[in-house]
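Here the structure is laid out as structure tokens; the discussion comes afterwards.
A note on names: the letters A, B, ... follow the listed sequences, proteins ahead of strands, and every chain is numbered from 1. Bear in mind the structure is a predicted one, so any value in this text is a computation, not a measurement.
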Amino acid sequence: MKIGYPCINETLPCSSATTFRLASYSEERLIKAVTNNLACLEQILAFNVQHGLLFFRMSSDLVPFASHPVNTFNWQEYFAPSLAALGQFIKDNGLRISMHPDQFVVLNSPTETIVQNSFAELAYQCSIIDLMGLDKSAKLQIHAGGVYGDKPMAIRRFADAVHVLPENIRARLVLENDDRSYSLQDCLEIHERTGIPILFDNFHHECLHNGEPMAEALRLAAQTWQPDDGILMMDYSSQSPGDRKGKHTAHIQLDLFREFLTHLQGLDVDIMLEIKDKEASALPALALLRELGYVPSSAGVM
DNA sequence: GCGTGTCAAGTGAAA
DNA sequence: TTTCACTTGACACGC
């Protein structure tokens, strides 16, 4: 089991997601931003290894405007050595990596240009991981998309889009159950049609489900992962107390996390904590996992 | 320097 | 009809 947090480290004085406005695009700005972002990513990964946080979601903003037509620079070639070095560090230290293309990636949109833009964004994020030389267990997690008043048709469009994706992207793609439209059961149907593993989100499952108890839901999602996909990845969060339903908590509630762990029942998973204060929650969560014996107490201590 | 409106991109629920 | 939430932070303009 590995545990981690997404994208941003709030302890380190750097950001791996610096960007700039489209209006001020230039090759110089791009190179400067990416150079900065990769240097920061290196620091974050080192921090994570030092602290035993071995699961990390990389920012979608490592390369600003990577899939925008304005960007004709061959950044893949320019940054290949840096990305390869980062990849070697990841492999040497046994880190698990994911990326999460944002809400603009909608494979089942009825609008052809949106689907094409989504393909371009997936190609960008996949090429980052490919250039790092990571195996198939490094994943790109997306949601199914919109419903458009006809879910069976929307699911069919999603499956059709997956089937025309290049093999390297399809091999990394995983589907996350969401909290409004596509439940675990919907994702299982898509899995049946496409073979894409399901990344399980416990909080979304609490918001939208078809009655499956948590332990059963975890087992169903885990079954969709093949050996070379690695073990089940999951997002963990809980309700922000006193807030709108579906709002993520600002800080981990360890009693709820401890309760959630009882549903694993021996299942091995990698857990991404989607919690606002990042490593400030991931570190106490890791301490709990060590205390309970899920993670060796010596791992990652330096 | 600092406050703050706005930023490439989609969808659906709530206000 | 518009705003807001999604993982939401930070650029860049104006004072």
Side-chain angles (χ1 to χ4, degrees), chain A residues 4-10 12-26 29-30 32-33 36-37 40 44 55-72 98-125 140-151 153-155 157-158 161 176-183 186 199 201-204 207-208 233-240 243-252 271-282:
Chain A
Y5 58 95
C7 306
I8 295 161
N9 180 298
E10 297 186 329
L12 296 169
C14 71
S15 166
S16 65
T18 54
T19 184
F20 48 88
R21 295 288 180 257
L22 178 59
S24 54
Y25 182 91
S26 72
R29 295 271 326 234
L30 181 75
K32 191 176 163 205
N36 173 79
N37 291 343
C40 183
I44 293 173
F55 188 18
F56 186 66
R57 181 189 300 167
M58 298 191 297
S59 167
S60 298
D61 296 327
L62 287 174
V63 182
F65 306 104
S67 67
H68 190 282
V70 75
N71 186 345
T72 56
S98 66
M99 293 182 82
H100 193 346
D102 56 32
Q103 62 267 37
F104 312 111
V105 171
V106 184
L107 291 184
N108 72 355
S109 174
T111 308
E112 183 56 27
T113 55
I114 291 170
V115 177
Q116 289 306 318
N117 292 345
S118 299
F119 282 3
E121 181 67 14
L122 285 172
Y124 145 57
Q125 300 205 13
L140 297 170
Q141 71 183 86
I142 61 169
H143 293 288
V147 173
Y148 312 97
D150 185 348
K151 191 181 277 183
M153 182 65 87
I155 288 177
R157 275 199 308 274
F158 184 92
E176 177 188 352
N177 59 304
D178 69 69
D179 58 348
R180 292 189 310 200
S181 305
Y182 290 88
S183 66
D186 295 322
L199 187 149
D201 186 309
N202 77 300
F203 187 35
H204 291 166
C207 297
L208 179 70
M233 279 183 179
M234 67 163 291
D235 286 349
Y236 174 86
S237 190
S238 59
Q239 175 66 40
S240 177
D243 230 318
R244 167 190 71 75
K245 182 175 179 252
K247 172 90 172 167
H248 291 242
T249 187
H251 185 71
I252 192 164
I271 303 175
M272 179 63 59
L273 295 173
E274 285 197 331
I275 294 176
K276 194 166 167 52
D277 66 359
K278 311 291 177 182
E279 72 275 14
S281 282

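OP1 or OP2 of C/dA12 has at least one side-chain nitrogen or oxygen of A/Ser24 nearer than 4.0 Å. Taking 4.0 angstrom as the limit, A/Arg29 places a side-chain polar atom (N or O) nearer than this to OP1 or OP2 of C/dA12. For A/Thr19 and B/dC7, the shortest distance from a side-chain N or O to OP1 or OP2 is not below 4.0 Å. One finds a side-chain N or O of A/Lys276 lying less than 4.0 angstrom from the OP1 or OP2 phosphate oxygen of C/dG9.
Using modelled atom types and a 3.5 Å distance limit, the side chains of A/Ser67 and A/Glu121 yield a donor-acceptor pair. A/Asn177 and A/His204 are not linked by any side-chain donor-acceptor pair at a separation below 3.5 angstrom, with hydrogens and angles left out of the test.
The backbone N or O of A/Asp201 lies less than 3.5 Å from no partner atom in the side chain of A/Asp235, so there is not a single donor-acceptor pair.
Atom NE2 in A/His248 sits roughly 13 Å away from atom P in C/dG9 (whole-Å rounding). Atom CG of A/Asp61 is separated from atom P of C/dC11 by 11 Å (rounded to the nearest Å). Atom NE2 of A/His204 and atom C1' of B/dG12 are 14 Å apart (whole Å). Here the P atom of nucleotide B/dA9 and the CD atom of A/Glu121 are 13 Å apart, to the nearest Å. Distance CD (A/Glu274) to C1' (C/dA5): 13 Å, rounded to an integer number of Å. Between the CG atom of A/Asn9 and the P atom of C/dT8 there is a distance of 16 Å, rounded to whole Å. A/Leu62 has its CG atom 17 Å from the P atom of C/dG9, to the nearest Å. The nearest whole Å value for the distance from the CZ atom in A/Arg21 to the C1' atom in B/dT4 is 12 Å.
Distances were taken from every side-chain heavy atom of A/Arg57 (C-beta onward) to each of C/dT7, B/dA8, C/dC11; the shortest belongs to C/dT7. Between B/dG10, C/dG9, C/dA10, one nucleotide has an atom nearer to the side chain of A/Ile8 than all others, and that is C/dG9. Of the listed nucleotides (C/dG9, C/dA12, B/dG10), B/dG10 has the atom at the smallest distance from the side chain of A/Tyr148.
C/dG9 and C/dA5 have their P atoms separated by 12 Å, given to the nearest Å. If you take atom P in B/dT6 and the same atom in C/dT7, they sit 25 Å apart, rounded to whole Å. The separation of C/dT8 from B/dG3, taken at their P atoms, amounts to 24 Å, rounded to a whole angstrom.
Judged by Watson-Crick or G-U wobble contacts below 3.5 Å, the nucleotide B/dA14 has C/dT2 as its partner. With both pairing distances under 3.5 Å, C/dT8 is matched to nothing as a Watson-Crick or G-U wobble pair.
A donor-acceptor contact under 3.5 Å is not formed by the side chain of A/Gln141 with the base of C/dT7.
Contacts of A/Val105 with the nucleic acid, taken as non-hydrogen atoms under 4.0 Å apart, are absent. A/Asp235 comes within contact range of no nucleotide atom at all, as no heavy-atom separation falls under 4.0 Å. Using a 4.0 Å heavy-atom distance criterion, A/Ser109 is classed as a sugar-phosphate-only contact.
Toward the 5′ end of DNA chain C lies the nearest nucleotide of A/Pro6, the other residue of the pair A/Ala17 and A/Pro6 mapping further downstream. Closest-nucleotide positions on DNA chain C for A/Cys14 and A/Cys7 were compared, and the one nearer the 5' end corresponds to A/Cys7.
Put simply, the side chain of A/Tyr148 reaches to within 4.5 Å of the side chain of A/Arg157, judged on heavy atoms. Proximity of A/Glu176 to A/His100: side-chain heavy atoms (C-beta onward) are separated by under 4.5 Å at one or more points.
Close placement of the A/His248 and A/Phe203 rings is indicated, their centers lying within 6.0 Å of each other.
Here A/Phe104 packs flat against the base of B/dA9; its ring centre is closer than 5.5 angstrom to the base's six-membered ring, tilted by less than 30 degrees.
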